[in-house]
Structures are given as C-alpha cells and as structure tokens.
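All of these numbers come straight from a predicted model, not from anything done at the bench. Side chains included, hydrogens not; waters and symmetry mates left out as well; all remaining heavy atoms used.
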Amino acid sequence: QVQLEESGGGLVQAGGSMRLSCARSGRTLERNTMAWFRQAPGKEREFVGSIGWSGTTYTYAESVKGRFTISRDNTRNTVALQMNSLKPADTGVYFCAVGRSMGVSSRASEYMYWGQGTQVTVSS
C-alpha cells in the first residue's frame with residue numbers, strides 16, 4: 001500500500017508563488033511515476049504535471065508550462081510542485097498521485113494511488 005499526504009496549500013495573491021509537497025509512505029511502486037492533478041469547483045480533475053523516477057523525464061499541462069516545476073526527492077520519498085506567477089485560474093484542490101508504471105502520463109487512469117488533496121486559492 002502507498003499513502004500520500006499533500007501539504008503547502010493556502011491563499012496567495014495573483015502573481016505570487018507557492019510550493020506544494022507530497023510525502024509518500026510505503027515501499028511499493030517506489031520507481032513509478034508521480035504526478036500532480038488539480039480540481040476546481042464544479043470542474044473535472046485535470047492534469048498538472050508528472051515526473052519519472054530519475055527526475056529527468058517529465059511533462060506538464062500547457063496551462064502551467066513555464067510557471068510550474070515538478071521535482072522529486074527519492075531519498076525522502078517526496079514530490080514537490082513549485083508554482084510561480086500564480087493566476088486565479090490556478091485555484092483548486094491539488095492532488096498528488098502515484099502511477100501504475102514508470103512512464104510519465106497525463107491521464108488520471110494511469111495513476112492508482114491518490115492523496116486527499118490540499119487547497120490552493122489564488123486571489124485577484
């Protein structure tokens with residue numbers, strides 16, 4: 001079993017920055033892809049970014065490219081999401097997830113473990 005716990009959410013003004021962290025427990029699927037998704041009120045969950053085990057393979061949603069950076073520390077079993085130049089449209093609950101394989105993917109169906117989420121609110 002894998003458990004995930006997100007932290008670092010809160011309220012920030014537009015143009016500001018925020019860093020989210022996700023701590024995973026459990027030794028299974030250690031080399032699998034990890035990702036961040038988000039869900040705004042009344043909308044479906046959407047992909048934000050994913051990163052492979054080595055940290056050298058990753059992919060981002062077009063809406064966050066150039067503003068968000070995903071990273072992972074395999075020695076500490078954590079994955080982080082650095083968010084810069086935040087916009088009100090970035091508001092939502094952010095979830096981290098562990099993939100079914102080692103390949104990066106933007107599809108939610110490719111992820112099998114999910115955290116409870118952390119709220120990010122960007123005010124205008």
Side-chain angles (χ1 to χ4, degrees):
Q1 283 284 7
V2 175
Q3 292 184 325
L4 303 169
E5 184 174 0
E6 302 94 341
S7 60
L11 174 65
V12 65
Q13 288 189 332
S17 297
M18 183 177 288
R19 184 177 179 86
L20 305 181
S21 184
C22 174
R24 59 173 289 170
S25 61
R27 295 188 61 83
T28 59
L29 308 180
E30 283 183 314
R31 290 178 177 259
N32 283 25
T33 295
M34 295 190 72
W36 287 93
F37 286 76
R38 67 186 181 188
Q39 187 167 19
K43 295 188 177 181
E44 293 186 354
R45 189 170 299 187
E46 67 172 357
F47 172 74
V48 175
S50 65
I51 186 167
W53 184 82
S54 67
T56 59
T57 56
Y58 45 83
T59 184
Y60 295 97
E62 286 295 327
S63 59
V64 306
K65 275 184 180 178
R67 300 188 299 122
F68 290 14
T69 302
I70 189 171
S71 61
R72 65 190 290 172
D73 184 338
N74 294 325
T75 62
R76 299 183 178 184
N77 288 329
T78 59
V79 62
L81 183 68
Q82 176 66 41
M83 304 184 292
N84 299 326
S85 302
L86 282 160
K87 306 174 181 179
D90 295 318
T91 293
V93 178
Y94 283 68
F95 302 88
C96 69
V98 174
R100 300 179 184 276
S101 71
M102 293 187 287
V104 293
S105 174
S106 62
R107 295 187 294 178
S109 60
E110 294 296 320
Y111 295 86
M112 60 188 299
Y113 290 103
W114 297 82
Q116 294 297 308
T118 184
Q119 176 70 45
V120 172
T121 303
V122 184
S123 62
S124 57

Could you identify which residues cluster with L11, counting Ile, Leu, Val, Met, Phe, Trp and Tyr as linked when any side-chain heavy atoms lie under 4.5 Å apart, either directly or through a chain of such contacts? none
I'd like to know whether R67 forms a side-chain contact (heavy atoms from CB on, under 4.5 Å) with D90, so could you lay out the CA-CA distance, the side-chain angles of the two residues, the decisive distance to 0.1 Å, and finally the verdict. CA-CA 11 Å; R67 300 188 299 122; D90 295 318; 2.8 Å; yes
Would the number of heavy atoms belonging to other residues, nucleotides or ligands and lying under 6.0 Å from CE of M102 be above 12? no
Q119 versus T121, closest heavy-atom pair with distance: NE2-OG1, 3.3 Å
Same cluster (ILVMFWY, side-chain, under 4.5 Å), M83 and F47: no
Got a sec, which hydrophobics cluster with V104, joining ILVMFWY side chains under 4.5 Å apart, including via others? none
Atom CZ of R72 and atom OG1 of T78: how far apart are they, to the nearest 0.5 Å? 9.0 Å
Membership question, hydrophobic clusters at under 4.5 Å side-chain separation (ILVMFWY): are Y113 and W36 in the same one? yes
Using a side-chain heavy atom cutoff under 4.5 Å and only I, L, V, M, F, W and Y, what cluster partners does W53 have? none
Listed partners of F68 passing ring pair (Phe, Tyr, Trp, His ring centres under 6.0 Å), at least two apart: none
Is there a chain of hydrophobic side chains (I, L, V, M, F, W, Y, each step under 4.5 Å between heavy atoms) that links L86 to V48? yes
Out of curiosity, does L20 fall in the hydrophobic cluster containing Y60 (side-chain heavy atoms, cut-off under 4.5 Å, transitive links)? yes
Show me the pairs that pass ring-ring contact (aromatic ring centres under 6.0 Å, His included) and involve residues 80-108, at least two apart or across chains. none
Verdict with supporting geometry, I70 and M34, side-chain contact (heavy atoms from CB on, under 4.5 Å): CA-CA 9 Å; I70 189 171; M34 295 190 72; 5.9 Å; no
Run the side-chain contact (heavy atoms from CB on, under 4.5 Å) check on S21 and R76 step by step: do they pass? CA-CA 11 Å; S21 184; R76 299 183 178 184; over 6 Å; no
Tell me every residue that passes ring pair (Phe, Tyr, Trp, His ring centres under 6.0 Å) with Y111, counting only those two or more places apart in sequence or in another chain. F37
How about R38 and V64: do any of their side-chain heavy atoms sit closer than 4.5 Å? yes
When you look at E46 and Q39, which way does the side-chain contact (heavy atoms from CB on, under 4.5 Å) test go after all the steps? CA-CA 6 Å; E46 67 172 357; Q39 187 167 19; over 6 Å; no
Donor-acceptor check, side chain of N32 to backbone of V98, threshold 3.5 angstrom: yes or no? no
Counting only heavy atoms from other residues, nucleotides and ligands, does the tally under 6.0 Å from CD of E5 exceed 12? no
Are W114 and I51 co-members of a hydrophobic cluster defined by side-chain heavy atoms under 4.5 Å apart? no
